[in-house]
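I have a structure I would like to understand better, so I am pasting it below and will then ask my questions one at a time.
Position 1 is the first residue of the sequence, and the numbers go up from there. Atom set for the values below is all heavy atoms of this structure, side chains included, hydrogens, waters and symmetry mates excluded.
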Amino acid sequence: MLQPKRTKYRKQQRGKNRGVASRGNKVSFGKYGLMAMENCALTSRQIEAARKAITRHILKGGKIWIRVFPDHVVTQRPADSRMGKGKGAPALWIAKVRAGKVLFELNGLAEKPAQDALTSAGHKLPCKVRFVSAE
């Protein structure tokens, strides 16, 4: 699973996830990509599940680029704990994704197999996604 090797602080505030992506919104490395159509938070498990789905489809035939990295920690309190007593322990890592961000890129495949691979990866993700190709 993806997570940072070390961070400056153990816990972070939530913040907002609004607007559209101004960077990372074009297919830069490969020929085809998977673009997020709405704002969401991808967990490291979801990114890994999508990566496995793509790898299963391409069968040593192409190259994958993962354009998102989970660098934001989410904390959770234990179940049945009372109010107060501080913030919970770090539980999982998420990547905050804005609408228009390219999440995965592929190269070395024809369009139909690439579309099948990226569509199956899109089913593993919590937000609406779209298949895009480089201009």
Side-chain angles (χ1 to χ4, degrees):
M1 235 87 63
L2 293 170
Q3 75 178 43
K5 285 190 176 66
R6 54 187 300 274
T7 56
K8 190 168 183 180
Y9 299 107
R10 276 181 68 230
K11 301 174 184 177
Q12 297 172 2
Q13 292 186 339
R14 281 191 186 90
K16 303 282 187 223
N17 193 14
R18 296 187 211 155
V20 295
S22 58
R23 293 182 290 184
N25 54 5
K26 293 179 178 60
V27 178
S28 303
F29 302 103
K31 198 172 176 188
Y32 307 106
L34 192 67
M35 181 185 281
M37 292 282 94
E38 56 190 10
N39 295 345
C40 65
L42 297 180
T43 67
S44 57
R45 289 175 183 266
Q46 290 164 345
I47 295 169
E48 179 66 13
R51 184 198 64 80
K52 283 183 178 177
I54 294 170
T55 311
R56 201 173 301 127
H57 271 80
I58 63 173
L59 301 172
K60 301 179 184 175
K63 182 160 173 49
I64 305 171
W65 287 270
I66 303 172
R67 298 279 305 273
V68 289
F69 185 78
D71 58 350
H72 199 275
V73 71
V74 174
T75 60
Q76 276 185 340
R77 299 281 302 277
D80 302 327
S81 64
R82 293 192 178 187
M83 298 291 285
K85 311 259 189 306
K87 190 169 174 150
L92 56 117
W93 292 90
I94 63 166
K96 287 186 170 182
V97 173
R98 286 181 169 180
K101 172 91 171 156
V102 176
L103 307 174
F104 296 94
E105 290 189 23
L106 266 177
N107 200 2
L109 269 83
E111 186 169 356
K112 182 67 175 132
Q115 190 167 5
D116 293 342
L118 291 172
T119 305
S120 69
H123 293 307
K124 312 287 185 214
L125 303 176
C127 56
K128 291 179 184 170
V129 292
R130 182 177 81 174
F131 176 79
V132 291
S133 59
E135 271 73 53

Within the supplied structure, the quantity of interest is the number of heavy atoms (other residues, nucleotides, ligands) at a distance under 6.0 Å from K31 NZ; does it exceed 12?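 No, because the 6.0 Å sphere around NZ of K31 holds 12 heavy atoms or fewer from other groups.
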Roughly how far apart are K101 NZ and M37 CE, rounded to 0.5 Å?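 Here the rounded value is 13.5 Å.
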Could you tell me the separation between the CD1 atom of I47 and the CZ atom of R67, rounded to the nearest 0.5 Å?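 Rounded to the nearest 0.5 Å, the CD1-CZ separation comes to 13.5 Å.
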So, taking the atom named CZ in R77 and the one named NZ in K85, what distance separates them when rounded to the nearest 0.5 Å?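 Here the rounded value is 8.5 Å.
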Side chains of E105 and N107: closer than 4.5 Å at any heavy-atom pair?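 When only atoms from C-beta onward are counted, N107 and E105 do not touch, as no gap falls below 4.5 Å.
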Could you tell me if the side chain of Q3 sits less than 4.5 Å from the side chain of P70, heavy atoms only?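 No, every pair of side-chain atoms sits at 4.5 Å or beyond.
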With side chain to side chain contact (heavy atoms under 4.5 Å, CB included) as the criterion, how do R98 and N17 come out once you've worked through the C-alpha distance, each side chain's angles and the decisive distance to 0.1 Å? CA-CA 7 Å; R98 286 181 169 180; N17 193 14; 3.7 Å; yes
How close do A91 and Q76 get, counting heavy atoms only, and between which atoms?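 Scanning both residues, the minimum pair turns out to be CB-OE1, 3.7 Å.
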Co-membership, hydrophobic cluster, residues L125 and F131, 4.5 Å side-chain: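 Hydrophobic grouping puts L125 with F131.
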Using a 4.5 Å cut-off on heavy atoms from C-beta on, say whether the side chain of T55 contacts that of I64.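 A side-chain contact under 4.5 Å exists here.
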Charged N to carboxylate O under 4.0 angstrom, E48 versus R45?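 A salt bridge is absent here (no side-chain N lies under 4.0 Å from a carboxylate O).
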I need the R51 CZ to L103 CG distance, nearest 0.5 Å.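 That separation rounds to 15.0 Å.
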Quick one, L118 and Y32 - any side-chain contact, counting heavy atoms below 4.5 Å?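 Result yes, sub-4.5 Å side-chain heavy-atom pair found.
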Side-chain touch C127/V129, heavy atoms, less than 4.5 angstrom: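 Yes. Closest side-chain heavy atoms under 4.5 Å.
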Let me confirm one number: the CD-NE2 distance from Q115 to H57, rounded to the nearest 0.5 Å.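 Spacing of CD (Q115) from NE2 (H57) equals 11.5 Å.
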Please lay out, stage by stage, how R130 and K128 fare under the test side chain to side chain contact (heavy atoms under 4.5 Å, CB included). CA-CA 7 Å; R130 182 177 81 174; K128 291 179 184 170; over 6 Å; no
Tell me the ring-ring contact (aromatic ring centres under 6.0 Å, His included) pairs involving residues 67-89, sequence neighbours left out?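 Non-adjacent pairs meeting ring-ring contact (aromatic ring centres under 6.0 Å, His included): zero.
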Compare all side-chain heavy atoms of L34 with those of V132 and state whether any distance is below 4.5 angstrom.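 Of all side-chain heavy-atom pairs linking V132 with L34, none is under 4.5 Å.
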Taking only distance into account, with no hydrogens and no angle test, what donor-acceptor pairs under 3.5 Å do side-chain atoms of residues 23-30 form with protein atoms, sequence neighbours excluded?
from, atom 1, to, atom 2, distance (Å)
N25, ND2, A21, O, 3.1
S28, OG, K26, O, 3.3

Could you walk me through whether L109 and I58 pass the side chain to side chain contact (heavy atoms under 4.5 Å, CB included) check? CA-CA 8 Å; L109 269 83; I58 63 173; 3.7 Å; yes
With sequence neighbours excluded, residues passing ring pair (Phe, Tyr, Trp, His ring centres under 6.0 Å) with F104: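 Listed in chain order: nothing, the list is empty.
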Contact check, side chains of V68 and L42, non-hydrogen atoms, under 4.5 Å: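 Result yes, sub-4.5 Å side-chain heavy-atom pair found.
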Would one find more than 12 heavy atoms of other residues, nucleotides or ligands at under 6.0 Å from atom NZ of K11?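 Yes - once you tally the heavy atoms of other residues, nucleotides and ligands closer than 6.0 Å, there are more than 12.
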What I'd like to find out is whether the side chain of V102 reaches to under 4.5 Å of the side chain of W65, using heavy atoms alone.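 A side-chain contact is absent here, since even the closest heavy-atom pair is not under 4.5 Å.
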Rounded to the nearest 0.5 Å, how far apart are CZ of R10 and CD of Q12?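 Those atoms lie 12.0 Å apart.
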Intermediate values then yes/no, side chain to side chain contact (heavy atoms under 4.5 Å, CB included), T7 and V73: CA-CA 10 Å; T7 56; V73 71; over 6 Å; no
For A36 and V97, which heavy atoms make the closest approach, and how far apart are they?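 A36 and V97 have their closest heavy atoms at CB-CG1, 3.7 Å.
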Which atom of S81 lies closest to which atom of P78, heavy atoms considered: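 S81 and P78 have their closest heavy atoms at OG-O, 3.0 Å.
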